[in-house]
2 protein chains.
Amino acid sequence: MPKLVDHDKRKIQIAEATWKVIVEDGLEQATVRKIAKTAGLSVGALRHYFSTQSELLLFSMELVSERVKQRAEGKNFEGSPMEMVTEAICELLPVDEERRIEMEVWFVFSAKTLVDAKLEALSETVYSEMHQGLRNVIELLYSLDLLKENLDLDVEIDRLHALVDGMALHHLLHPATFMYEKMIRTLTYHIETLCKGSL
Amino acid sequence: MPKLVDHDKRKIQIAEATWKVIVEDGLEQATVRKIAKTAGLSVGALRHYFSTQSELLLFSMELVSERVKQRAEGKNFEGSPMEMVTEAICELLPVDEERRIEMEVWFVFSAKTLVDAKLEALSETVYSEMHQGLRNVIELLYSLDLLKENLDLDVEIDRLHALVDGMALHHLLHPATFMYEKMIRTLTYHIETLCKGSL
(Lines give C-alpha, C1' and ligand atoms only; values in the text may rest on other atoms or scores of the structure.)
Protein backbone atom coordinates (compact mmCIF):
# COMPACT_ATOMS: atom_id res chain seq x y z
CA MET A 1 0.00 0.00 0.00
CA PRO A 2 2.40 2.70 -1.12
CA LYS A 3 -0.24 5.37 -0.71
CA LEU A 4 -0.66 4.66 2.98
CA VAL A 5 3.09 4.75 3.49
CA ASP A 6 3.25 8.10 1.74
CA HIS A 7 0.43 9.36 3.91
CA ASP A 8 2.26 8.39 7.11
CA LYS A 9 5.54 9.76 5.83
CA ARG A 10 3.92 13.08 5.07
CA LYS A 11 2.37 13.23 8.53
CA ILE A 12 5.80 12.65 10.07
CA GLN A 13 7.31 15.34 7.85
CA ILE A 14 4.64 17.77 9.07
CA ALA A 15 5.25 16.77 12.70
CA GLU A 16 8.97 17.42 12.26
CA ALA A 17 8.20 20.83 10.78
CA THR A 18 6.08 21.45 13.90
CA TRP A 19 9.05 20.61 16.12
CA LYS A 20 11.22 23.01 14.15
CA VAL A 21 8.74 25.86 14.60
CA ILE A 22 8.36 25.13 18.33
CA VAL A 23 12.12 24.98 18.93
CA GLU A 24 12.86 28.10 16.90
CA ASP A 25 9.90 30.31 17.72
CA GLY A 26 7.93 28.78 20.59
CA LEU A 27 4.62 27.00 20.84
CA GLU A 28 2.50 30.12 20.45
CA GLN A 29 4.02 30.60 16.99
CA ALA A 30 3.13 27.04 15.97
CA THR A 31 0.17 28.04 13.85
CA VAL A 32 -1.11 25.86 11.02
CA ARG A 33 -0.03 28.57 8.55
CA LYS A 34 3.54 28.70 9.84
CA ILE A 35 3.90 24.93 10.10
CA ALA A 36 2.58 24.47 6.56
CA LYS A 37 5.10 27.01 5.29
CA THR A 38 7.98 25.29 7.14
CA ALA A 39 6.88 21.91 5.77
CA GLY A 40 6.70 23.37 2.25
CA LEU A 41 2.95 22.70 1.95
CA SER A 42 -0.13 24.79 1.43
CA VAL A 43 -2.47 25.21 4.38
CA GLY A 44 -5.06 23.24 2.41
CA ALA A 45 -2.68 20.33 1.87
CA LEU A 46 -1.78 20.29 5.55
CA ARG A 47 -5.47 20.24 6.50
CA HIS A 48 -5.75 17.05 4.43
CA TYR A 49 -3.53 15.35 7.01
CA PHE A 50 -4.62 17.16 10.17
CA SER A 51 -8.00 18.79 10.34
CA THR A 52 -7.28 20.75 13.53
CA GLN A 53 -4.24 22.34 15.15
CA SER A 54 -4.83 20.26 18.33
CA GLU A 55 -4.72 17.05 16.31
CA LEU A 56 -1.45 18.15 14.70
CA LEU A 57 0.14 19.12 18.02
CA LEU A 58 -0.91 15.87 19.66
CA PHE A 59 0.52 13.82 16.79
CA SER A 60 3.77 15.79 16.94
CA MET A 61 4.11 15.10 20.64
CA GLU A 62 3.24 11.42 20.26
CA LEU A 63 6.01 11.22 17.68
CA VAL A 64 8.56 12.47 20.25
CA SER A 65 7.56 9.69 22.63
CA GLU A 66 7.47 7.16 19.75
CA ARG A 67 11.03 8.05 18.68
CA VAL A 68 12.38 7.62 22.20
CA LYS A 69 10.71 4.21 22.47
CA GLN A 70 11.86 3.08 19.02
CA ARG A 71 15.46 3.97 19.81
CA ALA A 72 15.36 2.20 23.16
CA GLU A 73 13.84 -0.94 21.62
CA GLY A 74 16.09 -1.02 18.57
CA LYS A 75 19.21 -0.79 20.63
CA ASN A 76 21.69 -3.56 21.33
CA PHE A 77 23.01 -2.64 24.71
CA GLU A 78 26.57 -3.75 25.20
CA GLY A 79 29.22 -3.59 27.86
CA SER A 80 29.06 -3.90 31.62
CA PRO A 81 25.65 -3.59 33.34
CA MET A 82 26.70 -0.12 34.48
CA GLU A 83 27.48 0.94 30.91
CA MET A 84 24.22 -0.53 29.63
CA VAL A 85 22.21 1.22 32.29
CA THR A 86 23.93 4.55 31.69
CA GLU A 87 23.41 4.22 27.94
CA ALA A 88 19.72 3.37 28.41
CA ILE A 89 19.14 6.38 30.65
CA CYS A 90 20.94 8.64 28.16
CA GLU A 91 18.02 7.97 25.79
CA LEU A 92 16.07 10.24 28.13
CA LEU A 93 18.66 12.99 28.26
CA PRO A 94 19.53 15.70 25.70
CA VAL A 95 22.89 14.11 24.88
CA ASP A 96 22.91 15.05 21.20
CA GLU A 97 21.14 17.38 18.77
CA GLU A 98 18.37 14.91 17.91
CA ARG A 99 17.49 14.27 21.54
CA ARG A 100 17.93 17.94 22.44
CA ILE A 101 15.26 18.91 19.92
CA GLU A 102 12.90 16.17 21.09
CA MET A 103 13.29 17.16 24.71
CA GLU A 104 12.97 20.85 24.06
CA VAL A 105 9.72 20.19 22.20
CA TRP A 106 8.57 17.97 25.03
CA PHE A 107 9.43 20.56 27.66
CA VAL A 108 7.55 23.34 25.86
CA PHE A 109 4.63 20.96 25.42
CA SER A 110 4.70 20.05 29.14
CA ALA A 111 4.46 23.71 30.12
CA LYS A 112 1.41 23.90 27.88
CA THR A 113 -0.28 20.92 29.57
CA LEU A 114 -0.51 23.03 32.74
CA VAL A 115 -3.12 25.23 31.09
CA ASP A 116 -4.61 22.85 28.51
CA ALA A 117 -6.50 19.89 29.98
CA LYS A 118 -6.79 18.22 26.54
CA LEU A 119 -3.06 17.50 26.59
CA GLU A 120 -2.97 15.98 30.07
CA ALA A 121 -3.73 12.39 29.05
CA LEU A 122 -0.73 12.19 26.69
CA SER A 123 1.55 13.87 29.23
CA GLU A 124 0.42 11.34 31.86
CA THR A 125 0.96 8.38 29.50
CA VAL A 126 4.49 9.45 28.66
CA TYR A 127 5.26 10.05 32.33
CA SER A 128 4.14 6.47 33.10
CA GLU A 129 6.17 5.03 30.23
CA MET A 130 9.33 6.83 31.36
CA HIS A 131 8.66 5.72 34.91
CA GLN A 132 8.31 2.12 33.75
CA GLY A 133 11.54 2.37 31.74
CA LEU A 134 13.42 3.60 34.80
CA ARG A 135 11.76 0.91 36.93
CA ASN A 136 13.21 -1.63 34.47
CA VAL A 137 16.67 -0.11 34.96
CA ILE A 138 16.49 -0.31 38.76
CA GLU A 139 15.06 -3.85 38.61
CA LEU A 140 17.82 -4.94 36.24
CA LEU A 141 20.46 -3.73 38.70
CA TYR A 142 18.57 -5.47 41.50
CA SER A 143 18.27 -8.78 39.62
CA LEU A 144 22.02 -8.71 38.93
CA ASP A 145 22.54 -8.30 42.69
CA LEU A 146 24.41 -5.03 42.11
CA LEU A 147 22.32 -2.78 44.34
CA LYS A 148 23.15 -1.99 47.94
CA GLU A 149 21.06 -3.73 50.56
CA ASN A 150 18.16 -1.84 52.14
CA LEU A 151 17.42 0.51 49.27
CA ASP A 152 13.75 1.41 48.95
CA LEU A 153 13.26 0.55 45.27
CA ASP A 154 10.03 2.52 44.82
CA VAL A 155 11.66 5.65 46.17
CA GLU A 156 14.76 4.95 44.07
CA ILE A 157 12.64 4.92 40.91
CA ASP A 158 10.93 8.21 41.82
CA ARG A 159 14.33 9.68 42.69
CA LEU A 160 16.00 8.54 39.46
CA HIS A 161 13.07 9.80 37.39
CA ALA A 162 13.11 13.26 39.01
CA LEU A 163 16.90 13.42 38.72
CA VAL A 164 16.86 12.52 35.00
CA ASP A 165 14.20 15.10 34.13
CA GLY A 166 15.85 17.73 36.33
CA MET A 167 19.20 17.14 34.59
CA ALA A 168 17.57 17.23 31.15
CA LEU A 169 15.92 20.54 32.06
CA HIS A 170 19.11 22.09 33.44
CA HIS A 171 21.16 21.06 30.43
CA LEU A 172 18.53 22.39 28.01
CA LEU A 173 18.16 25.71 29.83
CA HIS A 174 21.77 26.22 30.93
CA PRO A 175 24.00 24.26 28.55
CA ALA A 176 27.07 26.38 29.29
CA THR A 177 26.69 26.05 33.09
CA PHE A 178 25.31 22.54 33.53
CA MET A 179 27.38 21.16 30.70
CA TYR A 180 27.09 17.80 28.96
CA GLU A 181 30.08 16.48 30.94
CA LYS A 182 28.47 17.46 34.26
CA MET A 183 25.22 15.78 33.26
CA ILE A 184 26.95 12.48 32.44
CA ARG A 185 29.17 12.71 35.52
CA THR A 186 26.14 13.30 37.76
CA LEU A 187 24.31 10.37 36.18
CA THR A 188 27.17 7.88 36.55
CA TYR A 189 27.84 9.14 40.09
CA HIS A 190 24.20 8.59 41.00
CA ILE A 191 24.13 5.05 39.61
CA GLU A 192 27.36 4.26 41.44
CA THR A 193 25.95 5.42 44.78
CA LEU A 194 23.16 2.86 44.38
CA CYS A 195 25.58 0.01 43.87
CA LYS A 196 27.50 -2.12 46.31
CA GLY A 197 31.07 -1.20 47.10
CA SER A 198 30.61 2.51 46.43
CA LEU A 199 30.34 5.61 48.63
CA MET B 1 7.55 58.69 50.50
CA PRO B 2 4.03 57.27 50.41
CA LYS B 3 3.78 57.82 46.67
CA LEU B 4 6.78 55.62 45.94
CA VAL B 5 5.39 52.89 48.18
CA ASP B 6 2.09 53.05 46.35
CA HIS B 7 3.94 52.88 43.07
CA ASP B 8 5.80 49.74 44.13
CA LYS B 9 2.66 48.19 45.58
CA ARG B 10 0.81 48.76 42.35
CA LYS B 11 3.64 47.18 40.35
CA ILE B 12 3.47 44.11 42.58
CA GLN B 13 -0.30 43.96 42.19
CA ILE B 14 0.13 44.01 38.40
CA ALA B 15 2.83 41.31 38.58
CA GLU B 16 0.50 39.10 40.62
CA ALA B 17 -2.26 39.62 38.06
CA THR B 18 0.30 38.52 35.45
CA TRP B 19 0.96 35.32 37.40
CA LYS B 20 -2.77 34.67 37.58
CA VAL B 21 -3.18 35.02 33.80
CA ILE B 22 -0.14 32.80 33.13
CA VAL B 23 -1.31 30.06 35.52
CA GLU B 24 -4.91 30.12 34.28
CA ASP B 25 -4.47 30.71 30.56
CA GLY B 26 -0.80 30.31 29.67
CA LEU B 27 1.94 32.74 28.73
CA GLU B 28 0.66 33.40 25.23
CA GLN B 29 -2.53 34.83 26.75
CA ALA B 30 -0.57 37.17 29.00
CA THR B 31 -1.26 40.26 26.90
CA VAL B 32 -1.14 43.75 28.38
CA ARG B 33 -4.87 44.04 27.76
CA LYS B 34 -5.74 40.86 29.65
CA ILE B 35 -3.37 41.57 32.52
CA ALA B 36 -4.77 45.09 32.90
CA LYS B 37 -8.29 43.68 33.04
CA THR B 38 -7.29 41.05 35.64
CA ALA B 39 -5.57 43.74 37.73
CA GLY B 40 -8.65 45.96 37.47
CA LEU B 41 -6.79 48.70 35.62
CA SER B 42 -7.08 50.39 32.25
CA VAL B 43 -4.41 49.59 29.68
CA GLY B 44 -3.32 53.24 29.93
CA ALA B 45 -2.90 52.99 33.72
CA LEU B 46 -0.89 49.80 33.36
CA ARG B 47 1.38 51.45 30.78
CA HIS B 48 2.19 54.05 33.42
CA TYR B 49 3.92 51.32 35.42
CA PHE B 50 5.30 49.17 32.59
CA SER B 51 5.89 50.67 29.20
CA THR B 52 6.39 47.33 27.40
CA GLN B 53 5.10 43.80 27.82
CA SER B 54 8.69 42.50 28.12
CA GLU B 55 9.35 44.86 31.01
CA LEU B 56 6.20 43.64 32.75
CA LEU B 57 7.03 39.96 32.22
CA LEU B 58 10.57 40.42 33.45
CA PHE B 59 9.38 42.22 36.59
CA SER B 60 6.82 39.49 37.23
CA MET B 61 9.48 36.81 37.00
CA GLU B 62 11.91 38.75 39.18
CA LEU B 63 9.15 38.94 41.77
CA VAL B 64 8.92 35.12 41.86
CA SER B 65 12.62 34.86 42.60
CA GLU B 66 12.40 37.76 45.09
CA ARG B 67 9.60 36.06 47.04
CA VAL B 68 11.53 32.80 47.31
CA LYS B 69 14.56 34.69 48.62
CA GLN B 70 12.54 36.80 51.07
CA ARG B 71 10.92 33.73 52.55
CA ALA B 72 14.23 31.91 52.91
CA GLU B 73 15.88 34.92 54.56
CA GLY B 74 12.97 35.74 56.86
CA LYS B 75 12.77 32.25 58.20
CA ASN B 76 13.86 31.02 61.63
CA PHE B 77 14.92 27.50 60.93
CA GLU B 78 14.37 25.24 63.91
CA GLY B 79 14.82 21.61 64.83
CA SER B 80 17.54 19.12 63.95
CA PRO B 81 19.94 19.91 61.09
CA MET B 82 18.03 17.39 58.98
CA GLU B 83 14.73 19.15 59.65
CA MET B 84 16.25 22.56 58.92
CA VAL B 85 17.77 21.36 55.68
CA THR B 86 14.53 19.71 54.56
CA GLU B 87 12.56 22.83 55.41
CA ALA B 88 15.00 25.05 53.53
CA ILE B 89 14.82 22.90 50.40
CA CYS B 90 11.01 22.87 50.59
CA GLU B 91 11.17 26.60 49.81
CA LEU B 92 12.13 25.45 46.30
CA LEU B 93 9.34 22.89 45.97
CA PRO B 94 5.62 23.38 45.24
CA VAL B 95 4.61 22.36 48.78
CA ASP B 96 1.62 24.69 49.05
CA GLU B 97 -0.62 26.83 46.87
CA GLU B 98 1.57 29.93 47.08
CA ARG B 99 4.72 28.07 46.03
CA ARG B 100 2.80 26.06 43.45
CA ILE B 101 1.73 29.24 41.66
CA GLU B 102 5.24 30.70 41.80
CA MET B 103 6.79 27.54 40.40
CA GLU B 104 4.20 27.08 37.71
CA VAL B 105 4.85 30.65 36.56
CA TRP B 106 8.56 30.02 36.70
CA PHE B 107 8.27 26.80 34.70
CA VAL B 108 6.21 28.42 31.96
CA PHE B 109 8.69 31.29 31.89
CA SER B 110 11.62 28.85 31.63
CA ALA B 111 10.06 27.18 28.60
CA LYS B 112 9.83 30.66 27.08
CA THR B 113 13.53 31.40 27.68
CA LEU B 114 14.36 28.63 25.21
CA VAL B 115 13.06 30.78 22.37
CA ASP B 116 13.53 34.29 23.78
CA ALA B 117 17.14 35.31 24.31
CA LYS B 118 16.10 38.46 26.20
CA LEU B 119 14.96 36.32 29.12
CA GLU B 120 18.11 34.22 29.37
CA ALA B 121 20.03 36.51 31.72
CA LEU B 122 17.34 36.40 34.40
CA SER B 123 16.94 32.65 34.03
CA GLU B 124 20.70 32.23 34.44
CA THR B 125 20.79 34.48 37.53
CA VAL B 126 18.02 32.56 39.25
CA TYR B 127 19.68 29.26 38.37
CA SER B 128 22.92 30.49 40.02
CA GLU B 129 21.08 31.72 43.09
CA MET B 130 19.31 28.39 43.55
CA HIS B 131 22.57 26.59 43.00
CA GLN B 132 24.23 28.73 45.67
CA GLY B 133 21.36 28.07 48.07
CA LEU B 134 21.75 24.33 47.63
CA ARG B 135 25.52 24.66 47.95
CA ASN B 136 24.88 26.30 51.35
CA VAL B 137 22.74 23.32 52.34
CA ILE B 138 25.40 20.77 51.40
CA GLU B 139 28.14 22.85 53.05
CA LEU B 140 26.09 23.16 56.25
CA LEU B 141 25.77 19.37 56.45
CA TYR B 142 29.50 19.08 55.74
CA SER B 143 30.48 21.63 58.41
CA LEU B 144 28.36 19.75 60.96
CA ASP B 145 30.28 16.60 60.03
CA LEU B 146 27.05 14.83 59.05
CA LEU B 147 28.01 13.86 55.50
CA LYS B 148 29.47 10.52 54.54
CA GLU B 149 33.16 10.48 53.76
CA ASN B 150 34.28 10.59 50.14
CA LEU B 151 31.27 12.40 48.70
CA ASP B 152 32.09 14.65 45.76
CA LEU B 153 30.48 17.85 47.03
CA ASP B 154 30.36 19.60 43.64
CA VAL B 155 28.56 16.65 42.09
CA GLU B 156 26.29 16.42 45.13
CA ILE B 157 25.21 20.04 44.62
CA ASP B 158 24.48 19.44 40.91
CA ARG B 159 22.63 16.25 41.82
CA LEU B 160 20.54 17.87 44.54
CA HIS B 161 19.69 20.81 42.28
CA ALA B 162 18.55 18.57 39.41
CA LEU B 163 16.61 16.36 41.82
CA VAL B 164 14.80 19.33 43.40
CA ASP B 165 13.79 20.83 40.06
CA GLY B 166 12.82 17.42 38.67
CA MET B 167 10.61 16.74 41.68
CA ALA B 168 9.04 20.21 41.47
CA LEU B 169 8.29 19.59 37.79
CA HIS B 170 6.82 16.13 38.38
CA HIS B 171 4.63 17.32 41.22
CA LEU B 172 3.39 20.31 39.19
CA LEU B 173 2.64 18.22 36.11
CA HIS B 174 1.46 15.02 37.79
CA PRO B 175 0.16 15.94 41.26
CA ALA B 176 -2.02 12.82 41.52
CA THR B 177 0.79 10.43 40.53
CA PHE B 178 3.88 12.04 42.05
CA MET B 179 2.00 13.21 45.12
CA TYR B 180 3.09 15.66 47.78
CA GLU B 181 3.91 12.76 50.14
CA LYS B 182 6.14 11.09 47.54
CA MET B 183 7.98 14.36 46.91
CA ILE B 184 8.73 14.88 50.61
CA ARG B 185 9.62 11.20 51.07
CA THR B 186 12.02 11.30 48.12
CA LEU B 187 13.64 14.47 49.45
CA THR B 188 14.17 13.17 53.00
CA TYR B 189 15.38 9.83 51.61
CA HIS B 190 17.92 11.62 49.41
CA ILE B 191 19.26 13.75 52.28
CA GLU B 192 19.52 10.65 54.45
CA THR B 193 21.56 8.78 51.84
CA LEU B 194 24.13 11.60 51.99
CA CYS B 195 24.53 11.32 55.72
CA LYS B 196 26.59 9.01 57.88
CA GLY B 197 24.97 5.93 59.32
CA SER B 198 22.44 5.59 56.50
CA LEU B 199 22.03 3.26 53.53
Side-chain angles (χ1 to χ4, degrees), chain A residues 21-29 104-105 107-116 120 123-124 127-128 130-131 148-152 154-174 176-179 182-183 185-190 193-194 198-199, chain B residues 21-29 104-105 107-116 120 123-124 127-128 130-131 148-152 154-174 176-179 182-183 185-190 193-194 198-199:
Chain A
V21 173
I22 291 175
V23 167
E24 286 177 5
D25 305 308
L27 193 57
E28 64 265 44
Q29 298 295 322
E104 198 166 318
V105 166
F107 176 45
V108 170
F109 170 75
S110 294
K112 182 79 174 172
T113 64
L114 287 169
V115 291
D116 189 342
E120 265 171 31
S123 165
E124 201 62 33
Y127 178 82
S128 304
M130 270 190 68
H131 209 263
K148 286 179 183 165
E149 310 285 336
N150 302 326
L151 296 186
D152 183 324
D154 285 330
V155 180
E156 289 298 352
I157 296 158
D158 284 341
R159 182 162 74 133
L160 180 59
H161 194 176
L163 180 67
V164 165
D165 277 356
M167 290 196 302
L169 189 63
H170 285 178
H171 183 58
L172 280 179
L173 291 174
H174 311 285
T177 314
F178 188 64
M179 294 158 291
K182 282 198 180 188
M183 180 167 71
R185 185 170 160 223
T186 307
L187 174 61
T188 51
Y189 181 96
H190 181 74
T193 64
L194 305 183
S198 73
L199 299 171
Chain B
V21 173
I22 291 174
V23 168
E24 287 176 5
D25 305 307
L27 193 57
E28 64 266 43
Q29 298 296 321
E104 198 167 317
V105 166
F107 175 44
V108 170
F109 170 76
S110 294
K112 181 78 174 174
T113 64
L114 287 168
V115 291
D116 188 343
E120 264 171 32
S123 166
E124 202 61 34
Y127 179 81
S128 304
M130 271 191 66
H131 210 264
K148 285 178 183 166
E149 311 284 337
N150 302 325
L151 296 186
D152 184 325
D154 284 332
V155 180
E156 290 297 351
I157 296 159
D158 283 340
R159 181 162 75 133
L160 180 59
H161 194 174
L163 180 67
V164 166
D165 276 355
M167 291 196 301
L169 189 64
H170 285 178
H171 184 57
L172 280 180
L173 291 173
H174 311 285
T177 314
F178 188 63
M179 294 159 290
K182 282 197 181 187
M183 179 168 72
R185 188 171 157 222
T186 307
L187 174 60
T188 51
Y189 181 96
H190 181 74
T193 64
L194 305 183
S198 74
L199 301 169

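Protein chains get the first letters and strands the later ones, always in sequence-line order, with residue 1 at the start of each.
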Enumerate, atom names and distances included, each donor-acceptor pair closer than 3.5 Å involving a side-chain atom of residues 158-170 of chain B, sequence neighbours excluded.
unit_1   : atom_1 : unit_2   : atom_2 : d
B/Asp158 : OD1    : B/His131 : NE2    : 2.8
B/Arg159 : NE     : B/Glu156 : OE1    : 3.2
B/Arg159 : NH1    : A/His190 : ND1    : 2.8
B/Arg159 : NH1    : A/Thr193 : OG1    : 3.4
B/Arg159 : NH2    : B/Glu156 : OE1    : 3.1
B/Arg159 : NH2    : B/Glu156 : OE2    : 3.3
B/Asp165 : OD2    : A/His170 : NE2    : 2.6
B/His170 : NE2    : A/Asp165 : OD2    : 2.6

| request: Would you mind telling me which of B/Lys182, B/Met183, B/Gln29 has the largest number of heavy-atom pairs within less than 4.5 Å of chain A? | output: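 Between B/Lys182, B/Met183, B/Gln29, the count favours B/Lys182.
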| So which of B/Leu114, B/Thr186, B/Thr177 has the largest heavy-atom pair count under 4.5 angstrom toward chain A? |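 That would be B/Leu114.
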| message | Give me the atom names and distance for the closest heavy-atom approach of A/Ala111 to B/Phe107. | response |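 Result for this residue pair: CA-CE2, 3.7 Å.
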| Least distance between heavy atoms, B/Tyr189 atom then A/Asp152 atom |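 Heavy atoms of B/Tyr189 and A/Asp152 come nearest at OH-N, 3.1 Å.
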| Side chain, backbone, both or neither: which part of B/Glu24 has an atom under 4.5 Å from a heavy atom of chain A? |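 Backbone of B/Glu24 only, per the 4.5 Å heavy-atom cut-off to chain A.
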| message | Report which part of B/Ile22 has an atom under 4.5 Å of a heavy atom belonging to chain A: side chain, backbone, both, or neither. | response |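 Answer is backbone: N, CA, C or O of B/Ile22 sit under 4.5 Å from chain A.
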| field | Residues that B/Ser128 engages under side chain to side chain contact (heavy atoms under 4.5 Å, CB included), provided they are two or more places apart | value |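 B/Ser128: no side chain to side chain contact (heavy atoms under 4.5 Å, CB included) contacts found.
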| query | Quick one: OG1 on A/Thr113 to CG on B/Leu173, what's the gap to the nearest 0.5 Å? | reply |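 One finds 5.0 Å between OG1 of A/Thr113 and CG of B/Leu173.
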| Among A/Val108, A/Asp25, A/Val23, residue most engaged with chain B (heavy-atom pairs, under 4.5 Å) |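 Max contact count across the listed options: A/Asp25.
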